[in-house]
Amino acid sequence: MAGLGTLELVAGALWAMLPAYVPNNAAVLAGGGRPIDGGRTLNGRRLLGDGKTWRGTAVGTAVGVVLALALDAVAPAAGDAVGFDLPGFPLAAAVGLAFGAMCGDVAASFLKRRTGRERGAAFPVLDQLDFVVGALALAALFAPAWFGATFSLARVAVVVVVTPLLHVGTNAVAYWLGLKDEPW
Ligand code: CTP
Ligand code: MG
């Protein structure tokens, strides 16, 4: 049935990416403290800016890893419940997805500062996909066999299309709740 096939594809893709979705949101809640760049500048502009902190990065990564391991524990039962297999998360995959998501976000801030954008300025497309690229890249690097078995081209395509929509939605909610300074 085409409908179930699509549901299975989208659900499997989003499930596999959950450990990469949560770190950025956890960082927003945990942020503050010392910036990673320590205030250093490059050509008169901050290397990363005050929006990338050690605490936000560490807490974001930790929350993503813990979520991945929790999902790994419930994957068989959740798969039974929905009627199709959902991927589990070996530790290397968990760390790759969570830390990769944070690294992608940090890399995006580096690019924003180099292009003259102040902290909090929007950089469409980069803002929505920086953490996807980082998460997939580090997951592929840390857990290549898991990555190959989990991320079919179809799942990657779903992730690239659906993630920006989820990202825009959750950031708008975080803004309305007063958790974030800008709605992106
Ligand atoms: N945050 C953090 N450490 C990170 C990522 C985020 O502490 N590695 C926290 C910061 O308090 C940051 C907030 O989460 O201000 C929102 O994250 P983000 O939108 O990524 O940062 P911005 O402040 O918008 O800065 P930038 O322009 O560099 O993206
Ligand atoms: Mg921002």
Side-chain angles (χ1 to χ4, degrees), residues 7-34 36 48 51-110 126-171 173-174 179-180:
L7 176 69
E8 183 174 343
L9 172 63
V10 174
L14 297 186
W15 172 279
M17 280 303 280
L18 271 174
Y21 288 153
V22 170
N24 290 290
N25 298 300
V28 173
L29 300 179
R34 216 126 52 88
I36 294 173
L48 302 173
K52 305 296 119 150
T53 69
W54 289 109
R55 194 169 79 202
T57 307
V59 172
T61 301
V63 169
V65 170
V66 168
L67 173 71
L69 299 181
L71 290 176
D72 183 67
V74 303
D80 281 347
V82 295
F84 48 83
D85 284 346
L86 290 167
F89 299 93
L91 183 61
V95 173
L97 288 172
F99 185 55
M102 293 271 64
C103 288
D105 179 58
V106 167
S109 288
F110 179 80
L126 186 70
D127 276 330
Q128 284 77 44
L129 288 173
D130 52 17
F131 64 103
V132 170
V133 173
L136 294 180
L138 281 204
L141 193 68
F142 292 179
W146 175 87
F147 183 84
T150 305
F151 280 101
S152 59
L153 207 55
R155 275 189 178 163
V156 172
V158 166
V159 165
V160 168
V161 171
V162 176
T163 303
L165 304 174
L166 285 175
H167 192 253
V168 168
T170 54
N171 280 340
V173 169
L179 299 173
K180 240 177 149 295

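Atom set for the values below is all heavy atoms of this structure, side chains included, hydrogens, waters and symmetry mates excluded.
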Report the C-alpha separation of L179 and L29 in whole Å, then their side-chain angles, then the decisive distance to 0.1 Å, and conclude whether the side-chain contact (heavy atoms from CB on, under 4.5 Å) test is met. CA-CA 7 Å; L179 299 173; L29 300 179; 3.9 Å; yes

Side chains of L71 and P19, heavy atoms from C-beta outward: is any pair under 4.5 Å? yes

Side-chain donor/acceptor pairs under 3.5 Å, residues 133-142, sequence neighbours excluded:
none

Check for a donor-acceptor pair, side chain of R55 on one end and backbone N or O of G31 on the other, with a separation under 3.5 Å. yes

Anything under 3.5 Å between a donor and an acceptor, one on a side chain of residues 72-85, the other on a protein residue two or more places apart or in another chain? List them.
{"from": "D72", "atom 1": "OD1", "to": "F89", "atom 2": "N", "distance (Å)": "2.7"}

Name each donor-acceptor pair under 3.5 Å that joins a side chain in residues 144-151 to protein atoms two or more places apart or in another chain, with its distance.
{"from": "W146", "atom 1": "NE1", "to": "G88", "atom 2": "O", "distance (Å)": "2.8"}
{"from": "W146", "atom 1": "NE1", "to": "T150", "atom 2": "OG1", "distance (Å)": "3.3"}
{"from": "T150", "atom 1": "OG1", "to": "W146", "atom 2": "O", "distance (Å)": "2.7"}

Closest heavy-atom contact between L129 and P164? CD2-CG, 4.0 Å

If you compare all heavy atoms of A101 against all heavy atoms of A20, which two are closest, and at what distance to 0.1 Å? CB-O, 3.4 Å

Using 0.5 Å steps for rounding, measure from the CG atom of L14 to the CG atom of L9. 9.0 Å

I need the W15 CH2 to E8 CD distance, nearest 0.5 Å. 14.0 Å

N25: what forms a side-chain hydrogen bond (donor to acceptor under 3.5 Å, both in side chains) with it, not counting sequence neighbours? none

Under 6.0 Å from the CG atom of L165, do we count more than 12 heavy atoms belonging to anything else shown? yes

Does any N or O in the side chain of R34 come within less than 3.5 Å of the main-chain N or O of W54, such that one atom is a donor and the other an acceptor? no

Indicate yes or no: at least one non-hydrogen side-chain atom of V106 is less than 4.5 angstrom from one of D130. no

Distance, nearest 0.5 Å, that separates CD1 of I36 from CE of M102: 8.5 Å

Does anything in residues 157-167 pair up under side-chain hydrogen bond (donor to acceptor under 3.5 Å, both in side chains), and if so which pairs, sequence neighbours excluded? Y21-T163, H167-N171

Residue pairs meeting salt bridge (charged side-chain N to carboxylate O under 4.0 Å, His left out), one or both in residues 95-109, sequence neighbours left out, come to K52-D105

Locate the shortest heavy-atom distance separating A94 from A68; write the atom from each residue and the value. CB-CB, 3.4 Å

